[in-house]
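Please read all numbers here as calculations on a predicted model, not as lab measurements.
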There are 2 protein chains.
Amino acid sequence: MKNSTEAGLVEKLADPTYSRVREKLREDIVSGYFPSGKRLKIAELIDRYSVSQMPIREALQQLQGEGLIIIEPNKGAHVRQIDQGFLENMYDIRQLIEVYLTVKSIDHIQDKDVKELIQIQGKYELAAKKKDYDLCVKLNKLFHVTIYAVANNPEGSQILEKHWQLINTLRFTHGYGPDRLAEVIEEHRNIIKALDKRDVIAVEKAATAHCVAAKADLISQISRRGN
Amino acid sequence: MKNSTEAGLVEKLADPTYSRVREKLREDIVSGYFPSGKRLKIAELIDRYSVSQMPIREALQQLQGEGLIIIEPNKGAHVRQIDQGFLENMYDIRQLIEVYLTVKSIDHIQDKDVKELIQIQGKYELAAKKKDYDLCVKLNKLFHVTIYAVANNPEGSQILEKHWQLINTLRFTHGYGPDRLAEVIEEHRNIIKALDKRDVIAVEKAATAHCVAAKADLISQISRRGN
DNA sequence: GAATTCAATATTGTATACAATTTTACTCCC
DNA sequence: GGGAGTAAAATTGTATACAATATTGAATTC
């Protein structure tokens, strides 16, 4: 893991400009600097990121591939607008895959994996107590990504990663419902318990409940703010 | 539908160069002109498509977004190599979504939809009798796309479309097993019958069987040719 | 023969300028 | 006030040349 970390650092420093622009632009979308529906004009991005138009255009194409933006020929790019219909559809697919991966992780999961999940969950509970939402988002992701890695279906993981970026832009803007952090803690505990027992039915039930509740909370938050 | 077709034609003629290159390059990949793993050098693509490097680069980024190619920074692009592991993973996810969409289509399906499926199936059976594989591929896709449209979850449909492109490159190269066309006919009939009855369990069973068999046939074909 | 080093060549990435298309602003007319 | 037409301005798309990086081939060493 240490070598992997170092290799990752080397790769990052050597990234071409278009990759660095893509990362920065994604951050700016997720953080809300460029809000839902915002027109992304190349001249403005040139000013903001201090590069020429070519890496901007490359980065935009890549982010379109990730689903974060939409490019219309001859008209330019804008941040994807996520209405409730889109969110419902996305979450329906997300639930299929997330439940499948969580259940499939039983095939390969080991005690060290369960220990790791417990550790992540402990950190999540501390972060939740401190209302450190940023850290909660990161740890929630780590929790699930750890499970996906055990499940070992990159195709599924990649689709969920795309969804996660879209969901995260909404979470940044709309936040969590008042009880959501406590609910997540309970739901994660249920998932850990079921995985520890390698109980397929319980895992499926716990993962489904987690997904259903996340979807309901986000839709509730969006409706509350009158998107 | 007529207006939609005309609008499609207008859009196509007005497409920028990078869109036209993307379409042509996709065709060249799916048809096997650029086979699995092939390095896609920009200079060669410039010669082949008679455009400058910029629309080539844009098209490559878009096709990466579709999953057909892989771009490595500073090293260039190559056609995605689809090994058995990748195919298994992809089909596992594909099956989740396809079964879900087929079952969900029950919510909205009307008699005219069932009639349309029967019509498509009739054409498929004729094409199969004539061993017109190209037409079989198109009609099989139309059959499923018709169901997905009724299901009305574009997120799911788009993931399946990406999968379909990848699968199609393999089908073009490796063809079908000797009994596969007859099996597809039987499987499609079962799907139609179950949809006609709006029988959730039967639809789920028929759609699952169709997916499982398609996966098994393709993997068998690939293994046979020693890819 | 295999491994290493280095220079030449090939290829990808980027900047700049110009071409093509869309948008905006203005005027005129009903 | 709204619609139509037109020109100017803004923006996207593309070509070309050069910069940066990777690959290949040759020479040297063990």
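Between D:dT14, C:dG13, C:dT11, one nucleotide has an atom nearer to the side chain of A:Pro16 than all others, and that is C:dG13. Distance from the side chain of B:Arg39 is smallest to C:dT12 among D:dT12, C:dT16, C:dT12. Of the listed nucleotides (D:dG13, C:dA15, C:dG13), C:dG13 has the atom at the smallest distance from the side chain of B:Pro73.
Between A:Thr17 and C:dT14 there is a side-chain N or O to OP1 or OP2 distance below 4.0 Å. Checking the phosphate oxygens (OP1, OP2) of C:dT12, no side-chain nitrogen or oxygen of B:Arg57 falls inside 4.0 Å. A:Lys75 has no side-chain polar atom (N or O) that falls below the 4.0 Å cut-off from OP1 or OP2 of C:dT22. Within the 4.0 Å cut-off from OP1 or OP2 of C:dT14, not a single side-chain nitrogen or oxygen of A:Tyr18 is found. Considering only side-chain N and O atoms, B:Arg20 lies nowhere under 4.0 angstrom from the phosphate OP1 or OP2 of D:dG13.
Summarising the geometry, the separation between CZ on B:Arg22 and C1' on D:dG13 is reported as 14 Å, rounded to the nearest angstrom. Protein atom CG of A:Asp15 is 14 Å distant from nucleotide atom C1' of D:dA20, rounded to whole Å. Atom P of nucleotide C:dA10 and atom CG of B:Asn74 are separated by 19 Å, given to the nearest angstrom. One can place CD of B:Glu72 at 11 Å from P of D:dA22, the figure rounded to the nearest angstrom. A:Ile71 has its CD1 atom 10 Å from the P atom of D:dT12, to the nearest Å. Rounded to whole Å, the distance from CD1 on A:Ile56 to C1' on D:dT14 is 17 Å. The separation between B:Leu45 atom CG and C:dT11 atom P is 11 Å, rounded to whole Å. Separating the CE atom of A:Met54 from the P atom of C:dT16 is a distance of 13 Å, rounded to the nearest angstrom.
No hydrogens or angles considered: nothing links the side chains of A:Glu66 and A:Gln62 as a donor-acceptor pair under 3.5 Å. Defined by atom type and a distance below 3.5 Å, a donor-acceptor pair is missing between the side-chain atoms of B:Tyr18 and A:Gln61.
With DNA chain C read from its 5' end, the first of the two nearest nucleotides for A:Gln53 and B:Ala43 is the one closest to B:Ala43.
Counting heavy atoms from C-beta on, the side chains of A:His210 and A:His144 come closer than 4.5 Å.
Taking the ring centre of A:Tyr33 as origin, the terminal cationic atom of A:Arg48 falls inside the region bounded by 6.0 Å and 45° from the ring axis.
For C:dT14, its base never sits under 3.5 Å from the side chain of A:Glu58 at any donor and acceptor pair.
Below 30°, between 30° and 60°, or above 60°: for B:Tyr49 and B:Phe34 the angle between ring planes is above 60°, a perpendicular geometry.
Residue contacts shown for A:Leu40 are limited to sugar-phosphate atoms, with no base heavy atom under 4.0 Å away.
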